[in-house]
K.L.:
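Could you have a look at this structure, given as structure tokens, before my questions?
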Amino acid sequence: MNKESSVPLTVARARALERMLIGTVLLVITLLAWGQLYLMDMSASMALPGIKAPADQWHLDVAVMGALMWSLMMVAMMMPGASPMILTYTRIHQQRTGRGRAVAPTGLFVAGYLVVWLGFSALAATAQWALYHAGLLSAAMGKSSAPLGGVLLILAGAFQFSRLKQACLRKCRSPIGFIMTEWREGPTGALLMGIRHGAYCTGCCWALMLLMFVGGVMSLIWMAGLALYFLVEKLTPWPRPIGQLTGLLLIIAGAIMLLSAAFGGTMR
């Protein structure tokens, strides 16, 4: 009797240990990303070596370095909010296969998720370079000009009221719902599921992420604030009123910034 009952107990223990291992790895990755950001000189010239070069001298290494910097930021800011979905995928995979060994499929799921954010990082780094050479971004901290900052604030605020924002947020807030509707078998399925989750996550957060240009691309305070807000949106039971209040405040702040710039004041 004891021997028979020990079999499921052993399997359950193995599954729990595997989930603990995966959760620990996710935590370590997040802490390493934040630690690397902390250790870096918080300046656009360090984040993007050579960004002060003329546009026709902007080489591939500068683009790669910029994309890597933004990618590091995305890992630090988005991994905490994605962890519940990742661990839910691990648990469901274990249940469906009847055993552990979910590390590799979970790794593919995470890889798919990060692929989407890596694409966003490449676009953001390109935008940073373009805005700098257009005179709309400072070289020191990567802060936008007041008019551009006002536009970005209003854009992010308005997006908080959009149907796309709400649809993507619902997917991000419901790991079980996402798994039930998006499940795919096999390694390719795990990768595709990660890509789809990354797409929903990016669709939910892209406009707010652009506020890094307002506060400063390498501002740890803005990074931490946005990361905390993303967690609040995904984990609290009042996402809609919080999102709408945030949207209203962002629109007001953007309008004030634009008016200040128009009448010769400064918000910076």
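No experiment lies behind these values; they were computed from the predicted model shown.
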K.L.:
Should Met69 and Leu37 count as side-chain neighbours, where that means a heavy-atom distance under 4.5 Å?
P.N.:
yes
K.L.:
To the nearest 0.5 angstrom, please state how far the CD1 atom of Ile221 sits from the CG atom of Leu226.
P.N.:
12.0 Å
K.L.:
Restricting to side-chain hydrogen bond (donor to acceptor under 3.5 Å, both in side chains), what partner residues turn up for Arg19, sequence neighbours left out?
P.N.:
Gln94
K.L.:
Can you tell me how far CG of Leu39 sits from CH2 of Trp34, rounded to the nearest 0.5 angstrom?
P.N.:
13.5 Å
K.L.:
For residues 148-158, dump all side-chain donor-acceptor pairs below 3.5 Å to protein atoms at least two apart in sequence or in another chain.
P.N.:
none

K.L.:
Given the rule that I, L, V, M, F, W and Y join up when any side-chain heavy atoms are under 4.5 Å apart, are Ile195 and Phe178 in one cluster?
P.N.:
no
K.L.:
List the atom of Thr88, the atom of Pro175, and the distance in Å for their closest heavy-atom pair.
P.N.:
OG1-CB, 3.5 Å
K.L.:
To the nearest 0.5 angstrom, please state how far the CE atom of Met223 sits from the CG atom of Leu228.
P.N.:
15.0 Å
K.L.:
Checking one residue: Leu245. Which other hydrophobic residues are in its cluster under the side-chain 4.5 Å linking rule?
P.N.:
Leu249
K.L.:
Minimum heavy-atom separation for Ser121 to Ala67, with atom names?
P.N.:
CB-O, 3.7 Å
K.L.:
In the hydrophobic cluster built from side-chain contacts under 4.5 Å, what are the other members alongside Leu123?
P.N.:
none
K.L.:
Quick one, Ile179 with Met193, criterion side chain to side chain contact (heavy atoms under 4.5 Å, CB included). Give me CA distance, side-chain angles, the key distance, then yes/no.
P.N.:
CA-CA 8 Å; Ile179 296 295; Met193 288 179 67; 3.7 Å; yes
K.L.:
Where is the tightest heavy-atom contact between Arg91 and Ile176, given as atom of each residue plus distance?
P.N.:
NH2-CD1, 3.8 Å
K.L.:
Hey, what do you get for CZ (Arg96) to NE2 (His93), rounding to the nearest 0.5 Å?
P.N.:
9.0 Å
K.L.:
List the residues meeting salt bridge (Lys or Arg N to Asp or Glu O under 4.0 Å) with Arg170, not counting sequence neighbours, and say none if there are none.
P.N.:
none
K.L.:
Nearest 0.5 angstrom please: Met73 CE to Phe120 CZ, how far?
P.N.:
8.5 Å
K.L.:
Indicate if Met77 and Ile86 have the same hydrophobic cluster label, given that clusters are the connected sets of ILVMFWY residues with side-chain heavy-atom separations under 4.5 angstrom.
P.N.:
yes
K.L.:
I'd like to check the side-chain hydrogen bond (donor to acceptor under 3.5 Å, both in side chains) partners of Thr181; sequence neighbours left out, ordered by chain and number.
P.N.:
Lys171
K.L.:
Please enumerate all residues that pass side chain to side chain contact (heavy atoms under 4.5 Å, CB included) together with Ile252, with sequence neighbours excluded.
P.N.:
Leu248, Ile256
K.L.:
For residues 201-214, which side-chain donor-acceptor pairs fall under 3.5 Å, sequence neighbours excluded?
P.N.:
from, atom 1, to, atom 2, distance (Å)
Thr202, OG1, Gly198, O, 2.8

K.L.:
According to a hydrophobic-cluster definition based on side-chain heavy atoms being under 4.5 Å apart (Ile, Leu, Val, Met, Phe, Trp, Tyr only), do Trp183 and Tyr200 belong together?
P.N.:
yes
K.L.:
Sequence neighbours left out, cut at 3.5 Å: what donor-acceptor pairs do the side chains of residues 231-241 make with other protein atoms?
P.N.:
from, atom 1, to, atom 2, distance (Å)
Glu233, OE1, Lys165, NZ, 3.0
Glu233, OE2, Gln160, NE2, 3.2
Glu233, OE2, Lys165, NZ, 3.1
Glu233, OE2, Tyr229, OH, 3.2
Thr236, OG1, Val232, O, 2.5

K.L.:
Scan the side chains in residues 104-116 for donor-acceptor partners under 3.5 Å anywhere in the protein, sequence neighbours excluded, and list what turns up.
P.N.:
from, atom 1, to, atom 2, distance (Å)
Thr106, OG1, Thr90, OG1, 2.8
Thr106, OG1, Ala102, O, 2.7
Tyr113, OH, Trp117, NE1, 3.3

K.L.:
Just jot down the side chain to side chain contact (heavy atoms under 4.5 Å, CB included) partners of Leu164, sequence neighbours excluded, or say none.
P.N.:
Phe159, Ser162, Cys168
K.L.:
Tell me who clusters with Met20, hydrophobic residues only, linked when side chains sit under 4.5 Å apart either directly or through other members.
P.N.:
none
K.L.:
Quick one: pull up OG1 in Thr126 and CG in Leu131 and give me the separation to the nearest 0.5 Å.
P.N.:
10.5 Å
K.L.:
Does the pair Glu182 and His197 meet the rule for a side chain to side chain contact (heavy atoms under 4.5 Å, CB included), with working shown?
P.N.:
CA-CA 9 Å; Glu182 303 288 347; His197 178 49; over 6 Å; no
K.L.:
Please determine whether residues Leu118 and Met78 belong to a single hydrophobic cluster, defined as Ile, Leu, Val, Met, Phe, Trp and Tyr linked transitively by side-chain heavy-atom distances below 4.5 Å.
P.N.:
no
K.L.:
Given the rule that I, L, V, M, F, W and Y join up when any side-chain heavy atoms are under 4.5 Å apart, are Trp70 and Ile29 in one cluster?
P.N.:
yes
